Structure formats: C-alpha cells, structure tokens
Visitor: 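Pasting in a structure now, in structure tokens, and then I'll have a few things to ask.
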Amino acid sequence: MKEPQELRSHQWYGTDGLRSFSHRARTRQLGYLPEEHLGKPVIAILNTWSDINPCHVHLRERAQAVKRGVWQAGGFPLEFPVSTLSETYQKPTPMLYRNLLAMETEELLRSYPVDGAVLMGGCDKSTPALLMGAASVDLPTVFVPAGPMLPGHWRNETLGSGTDMWKYWDDKRAGLIGDCELAELESGLARSPGHCMTMGTASTLTAAAEVLGVTVPGASSIPAVDSGHDRMAAASGLRIVELVWRDLRLSRILTSEAYEDAVATVLALGGSTNAVIHLIAMAGRSGVKLTLEDFDRIARTVPVLANLRPGGRYLMEDFHFAGGLPGFLSRLKDRLHLDRPTVAHDTLREQIAGALVHNDDVIRTPDNPLAQEGGVAVLRGNLCPDGAVIKHIAAEPHLLKHTGPAVVFDDYRTMQRTINDPELGITEDSVLVLRNAGPLGGPGMPEYGMLPIPDHLLKRGVRDMVRISDARMSGTSYGACVLHIAPESYVGGPLALVRDGDLITLDVEARTLRLEVDDAEIERRRAGWQAPPPRYGRGYGALYQEQITQADTGCDFRFLARQGEVPEPYAG
C-alpha cells in the first residue's frame, strides 16, 4: 500500500517549495480546506457529458454519484469536462475525433495532479478514446459506462434504436407506412437518456470494457435511468481510491489475455464490427499486438450466445435482467483467462463466481447457441489484401455466398442522389460498391457501409443485398455489408479499380472477397489511377490525414500508437 507522500499529487501539494505553496493557495481559492485534500488521492473524473449528446446527457448527475463514492473512500474528486463524441450529431463522423479525445484524455491525466481516474462515457467512440488515452498514461483507472436507454415503443411494437430506425425507414420508402406513422416513430425510438439499447457499438464496447476488467461487475448493461446506475457510479468512486492506494495501474489490467477475452466476448455477443477497429487500437496503446487474424481465429471457437438485436430478438434491458455480462461470462468461462486481475477482484474467476442466468432465451447455453461461430468474419482476397469484415450473423444467409455485377459509387453523396436511377440497372443480384469512404476518403471512415437498397427493390420485398465499402457501419445496422476494406480506395487500394459490371464474389465460409478480373487488367487499371487531392489544408484535419493508419491496424495516429517514453511533468 502507498503512503500519502508516495502519491503522484504529492509533487504538486506536499513539498516545501514556492510551487507547492502556490498550488495549495489556489486550492484554497477553489474553496477547499487543507484537510479535504492534503494527503488524499486526487481522482480525476473525466466526463463526456454534453447538452447535445443524448447518450451522455445524464452523466452530469452521475458524476455527483462518483464524487460521493470518492469522498466516502477518503479521496479528493475533481471533475474534468472533456470532448463529447455524439454519434447522433457530430459530422462527418465522431470517428474523425476519437483520437482527439484520446489525446485530450492522455494529456489531462498526465499534466494535472492526478493519482487515479474515473472515465465516464458510452456512446460509440468515447469508450475506446477514453481507454486509449488512459492506457497511454497508465494510472489506476475505472470506467463508468453511460448505460443503455430504455426500450423504444410504438403501437404495441418494442423498438430498438438504430435497428428499427433502418427497418421503418425502409418501410416508408417501400410505401408500407406514411408520414403519420413516421412522426409517431420519432417520439418512440429513443425515449430516455442512454446509448443504443441494441447490441450496437456502444453496448459492444462497454461490454468489452467490463470483460477487460476496467468496470465494476455488471456495470455495462445497467439501464442509464435505473437507480442501479447511480449506485454503480458511486461504487466506482469508492473503488478507484482503493486502487490508487494499491497502485493497481491500468497496465496490470489491460493484458494480452484481457484483450483476447474481450475479442471472444464481443464475438459471442454478436457485437458490432466497429469493435474490431477499436480493440486493435486499444490493444496497441497497451503494448499488445492484436490483429484481424486474432479475431477470425477466435471467431471460429466461440458460439453466439446473446440473442440481441440486430442479430437476435431482445434488447439490453432484457440482457441486464437475464444476468448481464457476469451471467453471460459464466457461460463462456471455458474460453476465458480467468486468473487475470480486474479493478474489482483479484481474478476474473472471482468476479463471475456465483453469476447466474435467469433467461435462457436471452443468454443462450453453449449447446443452444444463436450461431455456432462468432458473429464477425474476416475476409481476404484481391479486393481486400489487408482484410475486410462482415457481420454475417445479421445478413440474409443466401447472400453469404454470392457472385454479382458491381454497381460503383465514387462517393456517398453521389450514391444518395442516384441510387434510385433506373439507368443504373440495379437488381437484387447486383453488388453495390461504395468507395472513398475510408479513414482518409470519408474523411474519418463514416458509417456509410449499410448502403440503401433502391426503392423499386424495397417495394418488391428485397431487404438485403451484398454491399461492399471501405466505410464502417453502425453497430445497430444489419445486412450483407462488407466493411473496412483495406487498404482503402482513397490511397489506391484495389477498391479504387473496380468498374461497373465487374463480377465480385463474396464467400463468407471461405473467408474470401474477390474481384473476378485478371491480374493483368487490374495492373493496367492501377497504372492509370491518380491519387485525389488531400481533404484538408490545415487544422486538426491536416494532422489527421498526416498521421492516420488504416482500418486493419486500428485507425490510430502513428505518433500516438508507437511505443516510447514520455517524461513525468516536473511540478516543483
């Protein structure tokens, strides 16, 4: 156990020099008594609350519960507002700014008198961003998930945010519902604070945080407005103070075994394809090499046990009351590394001991899975030499082996404008191709990958087609969408060379994606390709385009992803 003079904050507050005198005087200016903070762990609460982020709008209140726990445990809490990454509103995509929040997290924790951190987030990019930054600093850390919103409702239908938005929007385009029904749906899809209550990216990444061991047990599935969420926040405040005294740093938690368990859990949950990019980036910040091959290898060994939308039937509140992640992990434990530590227990084994499942349809048994293999497949081939992914559990089975002619769109705006043009000759057998939507081309790799099906096909009852792109898609989306093609078209990847009418073959079982064009013709096309001009001439965008890596390596910044020493600031 640490002594008070061994605390990192002691450098700011506890020495005899002028600077410490100044720091203490300024803390009196803030209204604090010496006995409130001197000799106590200083806990930074990094809060992504914002008026424009509906996923996090309740975190202002939850921060008070974290503070309550910190005070009760004998610590000194300080709340830091940090960037909010709202999947709903931020354009062109919050993925463009994930690394910016990671930088902000790292530099705030490094530059202030902080002994430990509580990270508050949940909307898609906030979880990996906060943990990437914190991993680079390596202080004792606890993550507080924002929690899923309440289920949606409309005319006796239970709605899942995102998933049912896509469904009913297609119903509107197909002429099955009208403006009145759509207006009612606007008020029923998202009816409380919290992130999406399907197994979209937010729930996938907060579940990953829990199995990684950086939350208190059961935290990731508690509904945002449940009183249990307040209690979880307070428990997290209590816990972080203990971790500081024990000097249990994040590097002790975020091990290679923890990341393997996170991959297995994400795949067994039927989780979002976005987790592939984020977990690779997070692992890199922890000095752990995680690759697409690891995802595909583990996918072949784990069944899908969570019957959750978009690949299944239920929503996160059902999952929570069925046993939450502790119950879920109890059915996956023979595939987990149970003897590694978490922030709450000496071992993961201890953390899930006694966990129960209360609904075998929501959380399936291994002998009655939703699918025999994990819900994401990694593809290779001449169209994606560095890899691509597909969430095949959410696609129509007949499309998982398919050959069809390409219909190519050079950018998303053109696709939106022309997708219903009869001159394109799109049929249900066509393969829709979107390029210039990757990390550089998007820019930021927006969630464009669930390309819309033309109206005339929707009216005939077609609800899925093979669609391929270098974009991402929302974790709430579904369909036979091949995503994250690397290298992206904007840098001259093979996707840039596809032409209308080229045959493309998808074979998920064989894990292949091929352009059925001979190598000589591909090389002729490559010789004639010209690089597009840079998207940004200045600002953060210019830094982004200079430093961003491709999807297969996590889309981190090169100067942040590399290993290297950073000196502690001198506070004297």
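Keep in mind that what you see is a predicted model, and the values were worked out from it rather than measured.
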Visitor: Which distance, rounded to the nearest 0.5 Å, do you find between the CG of Leu85 and the CG of Leu101?
Guide: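 The CG atom of Leu101 is 5.0 Å from CG of Leu85, to the nearest 0.5 Å.
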Visitor: Using a 4.5 Å cut-off on heavy atoms from C-beta on, say whether the side chain of Val433 contacts that of Leu495.
Guide: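 Side-chain contact under 4.5 Å: yes.
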Visitor: Using a 3.5 Å distance criterion without hydrogens, assess whether the side chain of Asp455 forms a donor-acceptor pair with backbone atoms of Asn420.
Guide: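 Checked: no pair found.
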Visitor: If you measure from OG on Ser220 to CG on Leu325, what distance do you get to the nearest 0.5 Å?
Guide: 5.0 Å
Visitor: Is it the case that more than 12 heavy atoms not belonging to Arg413 sit under 6.0 Å from its CZ atom?
Guide: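 Counting other residues, nucleotides and ligands, CZ of Arg413 stays at 12 neighbours or fewer.
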Visitor: Roughly how far, to the nearest 0.5 Å, is the CZ atom of Arg535 from the CG atom of Leu440?
Guide: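 Nearest 0.5 Å value for the CG-CZ distance: 9.0 Å.
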Visitor: Apply side chain to side chain contact (heavy atoms under 4.5 Å, CB included) to residues Val357 and Phe328 and explain how you reach the verdict.
Guide: CA-CA 7 Å; Val357 174; Phe328 180 85; over 6 Å; no
Visitor: Can you find a pair of side-chain heavy atoms, one from Arg68 and one from Pro77, that are under 4.5 Å apart?
Guide: no
Visitor: Side chains of Arg98 and Met132: does their closest heavy-atom pair fall under 4.5 Å?
Guide: yes
Visitor: How far apart are the closest heavy atoms of Ser221 and Phe319, and which atoms are they?
Guide: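 Shortest heavy-atom contact: CB-CD2, 4.0 Å.
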Visitor: For the residue pair Asp367 / Thr365, report whether a side-chain donor-acceptor contact shorter than 3.5 Å exists.
Guide: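 A pair is found: one side chain offers a donor N or O, the other an acceptor, under 3.5 Å apart.
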Visitor: Are His392 and Cys481 packed together at the side-chain level, in the sense that at least one heavy-atom pair is separated by less than 4.5 angstrom?
Guide: no
Visitor: Is there a donor-acceptor contact under 3.5 Å from the side chain of Arg155 to the main chain of Glu181?
Guide: no
Visitor: Can you spot which of Leu458, Ile419, Ile426, Leu432 makes a side chain to side chain contact (heavy atoms under 4.5 Å, CB included) with Ile453?
Guide: Leu458
Visitor: Does a side chain donor of either Asp421 or Thr418 reach within less than 3.5 Å of an acceptor in the other side chain?
Guide: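 Judged by distance alone, the side chains do not pair up.
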Visitor: Phe557 vs Tyr544 aromatic rings, parallel, tilted or perpendicular, using cut-offs 30° and 60°?
Guide: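 Phe557 and Tyr544: perpendicular rings.
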Visitor: CG/Leu130 to CE/Met282 distance, rounded to the nearest 0.5 angstrom?
Guide: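 So the CG of Leu130 and the CE of Met282 are separated by 10.0 Å.
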Visitor: For side chain to side chain contact (heavy atoms under 4.5 Å, CB included), just list the numbers for Arg467 and Val482, CA-CA rounded to whole Å, side-chain angles, deciding distance to a tenth of an Å, and then say yes or no.
Guide: CA-CA 6 Å; Arg467 290 157 276 182; Val482 179; over 6 Å; no
Visitor: Please determine if Glu447 and Lys91 form a salt bridge, counting it only when a charged side-chain N lies under 4.0 Å from a carboxylate O.
Guide: no
Visitor: Find the distance between CH2 (Trp166) and OG (Ser477) and round it off to the nearest 0.5 Å.
Guide: 4.5 Å
Visitor: Is there a donor in the side chain of Ser272 and an acceptor in the side chain of Thr201, or the other way round, less than 3.5 Å apart?
Guide: yes
Visitor: How about Val407 and Ser430: do any of their side-chain heavy atoms sit closer than 4.5 Å?
Guide: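 Touching, per the 4.5 Å side-chain cut-off.
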Visitor: State, to 0.1 Å, how close Cys196 and Pro148 come at their nearest heavy-atom pair, and which atoms those are.
Guide: O-CB, 4.0 Å
Visitor: Do the side chain of Thr215 and the main chain of Val144 share a donor and acceptor less than 3.5 angstrom apart?
Guide: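 Judged by distance alone, no pair lies under 3.5 Å.
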Visitor: Taking NZ, NE, NH1 and NH2 as the nitrogens, is one of them in Lys401 or Glu509 under 4.0 Å from a carboxylate oxygen of the other?
Guide: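 The answer is no: the pair does not qualify as a salt bridge.
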Visitor: Between the main-chain N or O of Asp556 and the side-chain N or O of Thr549, is there a donor-acceptor pair closer than 3.5 Å?
Guide: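 Here the side-chain-to-backbone pair exists.
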Visitor: Over all heavy atoms of both residues, which pair between Pro310 and Lys391 is shortest? Give the atoms and the distance, please.
Guide: CG-NZ, 3.7 Å
Visitor: Arg285 side chain to Leu131 main-chain N or O, any donor-acceptor pair under 3.5 Å?
Guide: no
Visitor: So, Ser203 side chain and Gly200 main chain: donor-acceptor pair closer than 3.5 Å or not?
Guide: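 Such a contact is absent between Ser203 side chain and Gly200 backbone.
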Visitor: Quick check: do Tyr490 and Pro443 have side-chain heavy atoms less than 4.5 Å from each other?
Guide: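 They are not in contact (no side-chain heavy atoms under 4.5 Å apart), so the answer is no.
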Visitor: Report yes if some heavy atom in the side chain of Pro326 is under 4.5 Å from a heavy atom in the side chain of Glu210; otherwise report no.
Guide: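 Pro326 reaches Glu210 side chain to side chain.
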Visitor: Should the pair Asp361-Arg364 be classified as a salt bridge under the 4.0 Å nitrogen-to-oxygen rule?
Guide: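 Answer for the salt bridge query: yes.
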Visitor: Kindly indicate whether the side chain of Gln90, heavy atoms from C-beta on, has any atom under 4.5 Å from the side chain of Lys125.
Guide: no
Visitor: Taking all non-hydrogen atoms of both residues, which atom of Asp226 and which atom of Phe321 are closest, and how far apart?
Guide: OD2-CZ, 4.0 Å
Visitor: Quiz question: by atom type and distance under 3.5 Å, do the side chains of Thr93 and Arg472 form a donor-acceptor pair?
Guide: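 Yes, side-chain donor-acceptor contact under 3.5 Å.
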Visitor: Do side-chain atoms of Gln550 reach the backbone of Glu488 as a donor and acceptor pair under 3.5 angstrom?
Guide: yes
Visitor: Rounded to the nearest 0.5 Å, what separates atom OH in Tyr168 from atom CG in Leu185?
Guide: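 CG of Leu185 is found 6.5 Å from OH of Tyr168.
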Visitor: Using the side chain to side chain contact (heavy atoms under 4.5 Å, CB included) rule, take Leu383 and Ile468 through it: C-alpha gap first, then chi angles, then the decisive distance, then the call.
Guide: CA-CA 10 Å; Leu383 256 183; Ile468 71 173; 3.8 Å; yes
Visitor: Is Arg463 salt-bridged to Glu396, cutoff N-O under 4.0 Å?
Guide: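 Salt bridge between Arg463 and Glu396, a charged N being under 4.0 Å from a carboxylate O: no.
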Visitor: Assert yes or no for the condition that the ring centre distance of His56 to His195 is strictly below 6.0 Å.
Guide: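 No, the ring of His56 stays outside the 6.0 Å limit from the ring of His195, centre to centre.
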Visitor: Measure from the side-chain N and O atoms of Asp124 to the backbone N and O of Ala202, and report whether any donor-acceptor pair falls under 3.5 Å.
Guide: yes
Visitor: Does a side-chain N-to-carboxylate-O contact under 4.0 Å join Asp411 and Arg435?
Guide: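 The answer is no: the pair does not qualify as a salt bridge.
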Visitor: Any salt bridge between Asp164 and Arg309, counting N to O under 4.0 Å?
Guide: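 Looking at Asp164 and Arg309, the cut-off is met.
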Visitor: For the pair Arg331 and Asp360, find out whether any cationic side-chain nitrogen is under 4.0 Å from an anionic carboxylate oxygen.
Guide: yes
Visitor: Do we see a donor-acceptor contact under 3.5 Å between the side chains of Asp470 and Ser489?
Guide: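 Per modelled atom types, Asp470 and Ser489 side chains form a pair under 3.5 Å.
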Visitor: Is Glu373 salt-bridged to Arg511, cutoff N-O under 4.0 Å?
Guide: yes
Visitor: Given 3.5 Å as the limit, does a donor-acceptor pair link the side chain of Asn99 with the main chain of Ala102, or not?
Guide: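 A pair under 3.5 Å: no.
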Visitor: Under the side chain to side chain contact (heavy atoms under 4.5 Å, CB included) rule, what do Val266 and Leu279 come out as? Steps first, then yes or no, please.
Guide: CA-CA 10 Å; Val266 163; Leu279 283 172; 4.1 Å; yes
Visitor: So, Thr48 side chain and Met120 main chain: donor-acceptor pair closer than 3.5 Å or not?
Guide: yes
Visitor: Shortest non-hydrogen contact from Val498 to Ala406?
Guide: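 Looking at all heavy atoms of both residues, the shortest contact is CG1-CB, 3.8 Å.
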Visitor: Can the ring centres of Tyr97 and Tyr540 be said to be less than 6.0 Å apart?
Guide: yes
Visitor: If every non-hydrogen atom of Gly475 is compared with every non-hydrogen atom of Asn274, which pair is closest and at what distance?
Guide: N-ND2, 3.9 Å
Visitor: Would you kindly say whether Thr84 and Trp49 are connected by a side-chain donor-acceptor distance under 3.5 Å?
Guide: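 No, because no side-chain N or O of Thr84 sits under 3.5 Å from a partner of the opposite role on Trp49.
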